[in-house]
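Worksheet: the structure to be examined is printed underneath.
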Amino acid sequence: MPLPGRHVPGAGPGDGLGGFPSGGFAPAGPGPGIPARPTVPPIVPAAPPWQRLTVGEPGPEFEARPPVGPFAYDCPDTECDGWSTPQLTVRFASVRGAKHRYYRQPRQDAARAAVHEPTGSTVFAVADGVSSASHAELGAAEACRAAVRRMLSLLSRQPGPLDLREVAQHAAARLRELARRDTGGREPGPGEVADRYATTLVFGVAYPDSTGCAVDIGRIGDSGAWLLDLAGGTYRALFETKTGSDSTVVSNEVHPLPEVPDPLPYAGVRPVPGQAVLIGTDGFGDPLGDGDGPVGALFARNLGAAEPPSPPWLAHLLDFSKETFDDDRTLLALWPRSGAAAP
């Protein structure tokens with residue numbers, strides 16, 4: 001019935017407040033001046049999840065098991081990142097391999113990249129913890145962090161080309177610091193540091209200049225670097241490889257951090273638009289080989305698209321399934337931008 005003291009037009013005995021019949025149901029059509037109720041679109045089922053890519057004969061499929069260990073919480077199964085400066089587009093991703101997923105081991109690869117804002121330079125590092133080291137995952141992550149921090153610090157002091165061997169020594173010192181903490185302050189021997197934290201390391205700086213950028217890269221261990229021609233889909237190794245056709249001796253011997261060779265293996269390259277510089281662990285480099293197989297074709301097609309892939313898509317590519325290749329995989333890619341020049 002009407003509220004006391006309030007007149008409701010059209011209300012009568014037994015009517016609702018709006019003049020609707022008892023029961024409160026509105027007439028079928030809208031009244032004068034009332035817009036028709038919008039049609040609710042049908043619910044569209046969610047797209048199926050990305051299916052894992054298969055290259056050749058796939059490896060076994062199973063649900064990943066959670067990693068265990070004192071630092072496992074800090075090593076997610078997959079990580080990726082990406083951004084662009086006026087000179088470069090950067091993408092990197094790191095995924096846990098099938099072997100570590102099955103045996104509940106953490107991902108032992110790592111990657112980091114950063115921009116030095118005053119100079120516009122991009123610094124980067126990729127590491128692969130040696131599987132025999134008890135804390136390989138921490139060694140890889142700390143080596144990358146230490147190298148990136150040191151390069152940023154040195155660029156603030158001197159914008160020109162860096163002493164990459166000094167950067168490597170700083171990363172080695174960080175691993176010794178970790179081992180010293182483990183031994184209660186006692187100075188550890190090189191073997192003790194390696195037993196705990198040994199890792200490969202590929203790191204460097206992309207310096208912008210008036211014509212684009214120059215990339216300087218240092219290497220310790222067997223991780224690699226390549227220059228990819230995007231139009232032709234061909235890869236040129238920037239360091240000696242274990243499996244390349246130009247290798248006279250195939251060796252699996254690794255000399256990782258904390259060892260710092262003298263001279264430090266070095267590569268310098270000046271990429272142009274239509275090329276990409278790739279830095280990767282052997283989880284990527286071993287199935288890549290010379291780059292003339294299906295893995296090379298897969299990455300050349302995706303990295304050579306009109307736009308660089310998103311970071312999650314790069315991680316998805318790296319997680320391809322290929323029989324016998326079950327190591328962690330990490331890849332960092334640099335694309336020079338068309339018409340880019342240093343400010």
Side-chain angles (χ1 to χ4, degrees), residues 79-94 109-127 140-175 177 199-220 223-228 238-239 257 260 264-273 275-281 303 308 310-311 314 330-343:
E79 65 177 351
C80 58
D81 197 5
W83 31 263
S84 291
T85 71
Q87 292 77 36
L88 283 175
T89 292
V90 178
R91 300 283 188 269
F92 70 81
S94 184
D109 280 7
R112 293 291 183 272
V115 174
H116 184 254
E117 292 288 349
T119 62
S121 299
T122 295
V123 300
F124 54 86
V126 169
E142 285 300 316
C144 284
R145 294 186 185 111
V148 165
R149 284 196 298 263
R150 188 60 172 172
M151 289 185 285
L152 292 174
S153 176
L154 292 175
L155 284 170
S156 293
R157 302 179 195 175
Q158 178 182 349
L162 302 184
D163 181 349
L164 295 184
R165 189 167 188 274
E166 196 274 345
V167 174
Q169 290 173 326
H170 180 80
R174 173 57 181 158
L175 300 187
E177 180 183 339
T199 181
T200 73
L201 183 65
V202 182
F203 62 101
V205 190
Y207 305 96
D209 59 27
S210 59
T211 60
C213 70
V215 184
D216 288 349
I217 308 169
R219 177 173 87 152
I220 299 171
S223 295
W226 301 263
L227 183 65
L228 170 60
L238 301 179
F239 295 100
L257 279 176
V260 178
L264 180 78
Y266 164 83
V269 64
R270 179 177 287 276
V272 298
Q275 296 178 329
V277 177
L278 310 182
I279 312 294
T281 61
L303 301 183
S310 68
L314 179 58
T330 299
L331 181 66
L332 182 145
L334 307 171
W335 289 262
R337 303 184 69 186
S338 298

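Heavy atoms only: backbone and side chains are in, while hydrogens, waters and symmetry mates are out.
For the atom pair CG (L257) and OG1 (T199), the distance works out to 6.5 Å, reported to the nearest 0.5 Å. With values rounded to the nearest 0.5 angstrom, F203 atom CZ is found 14.0 Å from L332 atom CG. Separating the CD1 atom in I217 from the CG atom in L264 is a distance of 11.5 Å, to the nearest 0.5 Å. Distance check: E117 CD to S156 OG gives 11.0 Å after rounding to the nearest 0.5 Å. The CG atom of L334 sits 12.5 Å away from atom CD of Q275, with the distance rounded to the nearest 0.5 Å.
In this structure, the side chains of H170 and R174 stay at 4.5 Å or more apart for every pair of heavy atoms. When side chains are defined from C-beta on, L303 counts as touching L228, because their heavy atoms get closer than 4.5 Å. Annotation: side chain of E166 is in contact with side chain of R150 (closest heavy-atom distance under 4.5 Å). Taking 4.5 Å as the limit, every side-chain heavy atom of L238 sits out of range of all side-chain heavy atoms of Y266. V260 has its side chain within reach of R165: a pair of non-hydrogen atoms, C-beta onward, lies under 4.5 Å apart. Contact check for C80 versus S94: no side-chain heavy atoms found under the 4.5 Å cut-off. When side chains are defined from C-beta on, L278 does not count as touching L227, because their heavy atoms never get closer than 4.5 Å. At a threshold of 4.5 Å between non-hydrogen side-chain atoms, the residues W335 and L88 do not count as touching.
Remark: R270 does not engage D216 in a salt bridge, criterion side-chain N to carboxylate O under 4.0 Å. Using a 4.0 Å cut-off between charged nitrogen and carboxylate oxygen, R112 and E79 count as a salt-bridge pair.
Shown here for A127 and L201, the closest heavy-atom pair between the two residues is CB-CD1, 4.2 Å. In plain terms, the two heavy atoms of A110 and C144 that are nearest each other are O-SG, 3.7 Å. Here the closest heavy-atom approach between residue P336 and residue P273 is recorded as CG-N, 3.7 Å. Taking each heavy atom of T89 and S84 in turn, the nearest pair found is OG1-OG, 2.7 Å. The nearest pair of heavy atoms linking Y207 to S121 is CD2-OG, 3.8 Å. The minimum heavy-atom distance between A147 and A125, with the atom names listed, is CB-CB, 4.3 Å.
R337 places a side-chain N or O within donor-acceptor distance of the main-chain N or O of T85, the cut-off being under 3.5 Å. At distances below 3.5 Å, at least one donor-acceptor pair connects side-chain atoms of T281 with backbone N or O atoms of T330. For the pair W226 (side chain) and G280 (backbone), a donor-acceptor distance under 3.5 Å is absent. The backbone N or O of L155 sits nowhere less than 3.5 Å from a side-chain atom of Q158 that would complete a donor-acceptor pair. Side-chain atoms of R219 come within 3.5 Å of backbone atoms of S223 as a donor-acceptor pair (strictly under, hydrogens ignored).
Of the listed residues (V277, V205, V90, V215), just one forms a side-chain contact (heavy atoms from CB on, under 4.5 Å) with F124, and that residue is V215.
With sequence neighbours excluded, the residues that form a side chain to side chain contact (heavy atoms under 4.5 Å, CB included) with A114 are V123, V148, L152.
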